[in-house]
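One structure below.
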Amino acid sequence: MIKLRGIRKSFGRQEVLQGIDLTVEKGEVVAILGPSGSGKTTLLRCINYLEKPSDGTIHISDFSLDCKHAGKKEIHALRQRSAMVFQQYNLFNHKTALENVMEGLVIVKKLSKDEARKRGIQLLEKVGLGAKLDSYPSQLSGGQQQRVGIARALALEPEVILFDEPTSALDPELVGEVLAVIRRIAKEGITMIIVTHEMGFAQDVANHVVFMDGGVIVEEGPPSELFVNPKEERTKQFLKRYT
Ligand code: ADP
């Protein structure tokens, strides 16, 4: 349902994605692992066109985008199909939790204010924030802000949710609550691609693990293979550091 073919991205003379091919089935949870600087975040941002790939094609269900020739219309269509959850939450600080979730419902999904409010409340209840509807981001913990970020992504009903190290900005005691929410929505069959350093979580929640290094996919497969019996030396060395 998601196919990336030949995705390349350079920053100046450095090619940080060197032709990425990746296929993700509907309902799959993909964890992208790899050392810092290997291109994980750039790949995720390319899928949503927050970074413009230098080359390659992105297919999401019936939609295809040729990265070299994409115009505004195609980029808009791509973004309708994917939603991003950011490391730093990226909430509107002058809006309440509910207003943050309602924004996409009104502007992108074209719901009326009343409908958006109802749906927004449901989504915030789903991430355990039914009691924080009217709180501003500054009144919420990092874990709560990230859960608003997840509710906001869910509101768009995208084909895929892209998580960029969703717990790396959190104090350790707040990581669990965010992972629990992601785990819960994974069970609902929403397709997700998650860049993470949480090995235990990746092993537990992902059904497809991708190991990147130096701008390429070194190895990929089900967690039962990649974690237990990695084939490539680079994967082995990386995993050793986490066990
Ligand atoms: P990872 O997520 O695996 O840590 P990134 O995708 O963030 O890796 O970065 C891959 C490489 O691209 C790094 O060398 C990084 O310095 C470089 N890079 C990322 N974003 C930019 C940018 N906006 N401008 C220049 N270089 C960048």
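Because the structure is a prediction, the values reported are computed rather than measured. Numbers here simply count residues along the sequence, with the first being 1. All ligand and atom numbering here is 1-based and tracks the order in the structure.
Atoms of ligand 1 found under 4.0 Å from any heavy atom of Ser38 (numbered from 1 in listed order, with element): 1 (P), 3 (O), 8 (O). Shown in contact with Pro35 at under 4.0 Å from a heavy atom are these atoms of ligand 1, numbered in order with element: 3 (O).
The protein does not reach atom 15 (C) of ligand 1 closely, with no heavy atom under 4.0 angstrom from it. Protein heavy atoms are found less than 4.0 angstrom from atom 18 (N) of ligand 1.
Residue Gly39 places at least one N or O, backbone or side chain, under 3.5 Å from an N or O of ligand 1. Ligand 1 has no N or O atom lying under 3.5 Å from any N or O atom of Phe11, backbone or side chain.
For Gln14, every heavy-atom contact with ligand 1 shorter than 4.0 Å involves the side chain, none the backbone. Residue contacts with ligand 1, taken as heavy atom pairs separated by less than 4.0 Å, involve Thr42 via backbone and side-chain atoms alike.
For the residue pair Gln237 and Arg234, no side-chain donor N or O sits within less than 3.5 Å of a side-chain acceptor on the partner. A donor-acceptor contact closer than 3.5 angstrom links the side chains of Asn48 and Ser82. Using modelled atom types and a 3.5 Å distance limit, the side chains of Glu219 and Thr235 yield a donor-acceptor pair. Between the side chains of Glu28 and Thr191, no donor N or O sits under 3.5 Å from an acceptor N or O. With no hydrogens or angles considered, a side-chain donor-acceptor pair links Arg5 and Thr23 at under 3.5 Å.
Between Glu103 and Lys95 a salt bridge is recorded (basic side-chain N to carboxylate O distance below 4.0 Å). Using a 4.0 Å cut-off between a side-chain N of Lys or Arg and a carboxylate O of Asp or Glu, Arg183 and Asp204 qualify as a salt bridge.
Protein heavy atom in closest approach to atom 3 (O) of ligand 1: Lys40 NZ, 2.7 Å. For atom 12 (O) of ligand 1, the closest non-hydrogen atom on the protein side is Val16 CG1, 3.1 Å.
In this structure, Gly215 falls outside the shell of residues with a heavy atom less than 4.0 angstrom from ligand 1. Between Gly34 and ligand 1 there is no heavy-atom distance shorter than 4.0 Å.
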